Each structure stands twice: as structure tokens, then as C-alpha cells.
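First up is the structure itself, then whatever we jot down about it.
All values below come from the heavy atoms of this structure, side chains included, with hydrogens, waters and symmetry mates left out. Residues: numbered from 1 along the sequence shown. Because the structure is a prediction, the values reported are computed rather than measured.
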Amino acid sequence: MIKIWTISTFRKSIEELLKVKRGVYAGVEDEIKKSFSNKGHQEILNTREMVLLQDDMVVIKLRMPDSRHHLSRSDGYRLLYLTYQNSPKVVLLDIYPKNGPKQLLNLTTSEITARVLTYIEENLTGNLQSFEVD
């Protein structure tokens with residue numbers, strides 16, 4: 001079974017999305033759960049766009065739909081997560097929408113690196129939090 005963790009940056013992003021008026025992003029957590037539910041580690045590792053590969057660690061950008069607003073994967077959310085090639089651990093680093101009031105087109109390489117460094121620090125200090133999919 002895959003264990004999914006979150007860093008503080010991801011948790012803050014989710015919180016900010018859920019605060020947007022009229023519930024524009026209210027379905028974001030459901031979309032994340034659908035993206036990981038009933039998937040094995042190899043499927044999570046191999047079917048996404050890799051943005052960083054270092055030793056055993058892989059950072060992946062997942063394109064997710066926004067079913068609530070009938071937006072396809074190309075117009076929905078971007079979920080940045082980290083996993084290892086030889087371990088079924090997944091760490092959610094950040095999420096952002098491609099549309100709406102909190103729209104973001106992309107994260108820079110330095111922003112991605114900052115998320116990875118946050119993960120390393122929070123992993124060492126025991127500040128990761130679990131994210132339940134099922």
C-alpha cells in the first residue's frame with residue numbers, strides 16, 4: 001500500500017484554494033484522491049511527467065482534471081509530488097489550478113527545488129503529515 005504524505009507548502013496551497021469564494025476549487029481534494037486511489041507505485045511513478053530526477057528520488061507534475069467545472073486535465077490542476085523509484089512513498093509538494101482566480105501557469109525550477117528542500121527538512125524534523133486517499 002502506498003503511503004501519501006504532505007509538506008507544509010502543499011497544505012497551505014490547499015487551504016488557500018478552499019478559501020476562494022463561491023467554492024471555485026471545492027473539489028480539489030476529491031480530484032487528488034481520485035488520482036491516487038487504487039493505483040500501484042509503478043503506475044504512479046511511470047505515467048506522469050517527470051520534472052526532476054536525482055538518484056532514487058523523482059519529482060513529478062501530474063495534470064488533473066477539474067470535474068466539478070468540466071475542465072480537462074490540460075485545463076484543471078497541476079499537482080507536484082515526489083516519490084522514490086524503489087519505495088512506495090509519495091509526498092505531495094504543491095498544487096495549483098490552471099484556471100480561475102488562483103491561476104498559475106507553471107512553477108519555476110527554483111520554486112520546485114524549494115519544495116524539495118522543504119520536504120527534506122520536514123522529513124528530518126518529523127513534520128510531514130499523512131494524506132488519506134481511500
With sequence neighbours left out, write down each residue that passes salt bridge (charged side-chain N to carboxylate O under 4.0 Å, His left out) with E122, or none if nothing qualifies. none
Is K12 atom NZ crowded by more than 12 heavy atoms from other residues, nucleotides or ligands, each under 6.0 Å away? no
Applying ring-ring contact (aromatic ring centres under 6.0 Å, His included) between Y81 and each of Y119, F36, F10, report the one that passes. F36
Kindly write out the residues that satisfy ring pair (Phe, Tyr, Trp, His ring centres under 6.0 Å) with F131, not counting sequence neighbours, or none if the list is empty. none
Under a 3.5 Å threshold, yes or no: a donor from one side chain and an acceptor from the other, between E121 and T118? no
I need the minimum non-hydrogen distance between S35 and L62, along with the two atoms involved. CB-CD2, 3.7 Å
Could you pull out every donor-acceptor pair under 3.5 Å between side chains of residues 95-105 and any protein atom, sequence neighbours left out?
residue, atom, partner, partner atom, Å
Y96, OH, N106, OD1, 3.4
K98, NZ, L105, O, 3.0
N99, ND2, D75, O, 2.5

From V59, D56, V91, L45, residue fulfilling side chain to side chain contact (heavy atoms under 4.5 Å, CB included) relative to T83: L45
Between R11 and T6, is any side-chain donor less than 3.5 angstrom from a side-chain acceptor? yes
Between K19 and E16, is the closest basic N to carboxylate O distance under 4.0 Å? yes
Indicate whether any N or O donor in one side chain lies under 3.5 Å from an N or O acceptor in the other, for S13 and D94. yes
With distance as the sole test, does E111 use its side chain to make a donor-acceptor pair with the main-chain N or O of T108 at under 3.5 Å? yes
Are the side chain of H41 and the backbone of I2 linked by a donor-acceptor contact shorter than 3.5 Å? no
